[in-house]
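Computed from a predicted model, the values in this text were never measured in an experiment.
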Amino acid sequence: ENDTLPEGATIGLTLSKDNPLGLKNALTGKGTYAILHAQGAEVVANYGEGPFANTPAITVRRHGKGEAWYVGPRLELGSLRAFYRSFTARLALEKGLEADLPLGVTVQKRNGENQDYLFIQNFTPQSHTIPLGSLNGKDLLSGRRVAGEIVLEPAGSTVIAVAKGR
């Protein structure tokens with residue numbers, strides 16, 4: 001079951017003290033949110049206010065070596081970042097590129113046999129300069145060597161091939 005908050009309204013979430021992500025600060029939802037029933041899942045956060053106060057907002061259910069997470073509300077940007085930063089740190093996921101990316105720019109890394117490939121995409125209507133740090137490689141779309149930084153045009157993308165271990 002889903003419900004919708006009025007335009008501009010938010011709903012606070014209260015985290016369980018021993019939540020598996022180690023989150024300390026409350027999270028905030030906006031827009032739409034789902035009404036959850038734990039039914040064997042661990043409650044990570046409850047709605048902290050409103051008609052569904054103290055009911056599950058985020059749950060996790062473990063099965064074998066896996067986990068299924070359900071996030072009921074649409075999280076505000078700061079809460080979304082906090083949630084996924086904790087989530088990826090807990091899973092020890094490697095970042096595709098060690099850089100603080102502008103909002104709307106993504107990097108996915110794919111591992112090849114002799115080189116790795118970085119897929120960098122700009123989903124915004126603005127150009128963005130992306131710092132590459134010490135990374136250098138070949139832009140497979142332009143054929144040019146790249147180092148230091150690249151500029152992605154609005155809605156632009158590129159693929160950079162990087163030697164293994166770089």
Novice: Kindly write out the residues that satisfy side chain to side chain contact (heavy atoms under 4.5 Å, CB included) with Ala53, not counting sequence neighbours, or none if the list is empty.
Specialist: none

Novice: Is it true that Glu149 and Thr129 share a donor-acceptor pair across their side chains at a distance under 3.5 Å?
Specialist: no

Novice: For Phe123, enumerate each residue passing the ring-ring contact (aromatic ring centres under 6.0 Å, His included) test, keeping only those at least two apart in sequence or located in another chain.
Specialist: none

Novice: Report yes or no: does Lys164 contribute a side-chain atom to a donor-acceptor pair with the main-chain N or O of Asn111 at less than 3.5 Å?
Specialist: no

Novice: Mind jotting down which residue pairs meet the ring pair (Phe, Tyr, Trp, His ring centres under 6.0 Å) criterion with at least one end in residues 126-153? Sequence neighbours excluded, please.
Specialist: none

Novice: More than 12 heavy atoms of other residues, nucleotides or ligands under 6.0 Å from CZ of Arg144: is that the case?
Specialist: no

Novice: Can you name the residues that form a side chain to side chain donor-acceptor pair (under 3.5 Å) with Glu94, not counting sequence neighbours?
Specialist: Lys109

Novice: Hey, could you give me each pair passing salt bridge (Lys or Arg N to Asp or Glu O under 4.0 Å) that has a residue in residues 118-140? Not counting sequence neighbours.
Specialist: none

Novice: List the residues meeting side chain to side chain contact (heavy atoms under 4.5 Å, CB included) with Ala34, not counting sequence neighbours, and say none if there are none.
Specialist: Asn2, Leu36, Tyr70

Novice: Considering only distance and modelled atom types, tabulate donor-acceptor pairs under 3.5 Å from the side chains of residues 6-17, sequence neighbours left out.
Specialist:
{"residue": "Ser16", "atom": "OG", "partner": "Asn19", "partner atom": "N", "Å": "3.4"}
{"residue": "Ser16", "atom": "OG", "partner": "Val44", "partner atom": "O", "Å": "3.3"}

Novice: Atom CG of Leu21 and atom OG of Ser86: how far apart are they, to the nearest 0.5 Å?
Specialist: 5.5 Å

Novice: Residues two or more places apart in sequence or in another chain: which of them pass side chain to side chain donor-acceptor pair (under 3.5 Å) with Glu49?
Specialist: none

Novice: Is there a path of hydrophobic side-chain contacts, each under 4.5 Å between heavy atoms of I, L, V, M, F, W or Y residues, that connects Leu118 with Leu140?
Specialist: no

Novice: Can you tell me which residue pairs pass the salt bridge (Lys or Arg N to Asp or Glu O under 4.0 Å) test with a partner in residues 23-46, sequence neighbours excluded?
Specialist: Glu42-Arg62

Novice: Could I get the full list of side chain to side chain donor-acceptor pair (under 3.5 Å) partners for Tyr117, not counting sequence neighbours?
Specialist: Gln115

Novice: May I ask you to decide if Asp3's main-chain N or O and Thr32's side chain share a donor-acceptor pair within less than 3.5 Å?
Specialist: no

Novice: Glu76: what forms a side chain to side chain donor-acceptor pair (under 3.5 Å) with it, not counting sequence neighbours?
Specialist: none

Novice: Any salt bridge (Lys or Arg N to Asp or Glu O under 4.0 Å) pairs touching residues 79-90, not counting sequence neighbours?
Specialist: Glu67-Arg90

Novice: So how far is it from Ile160 CD1 to Leu132 CG, rounded to the nearest 0.5 Å?
Specialist: 5.0 Å

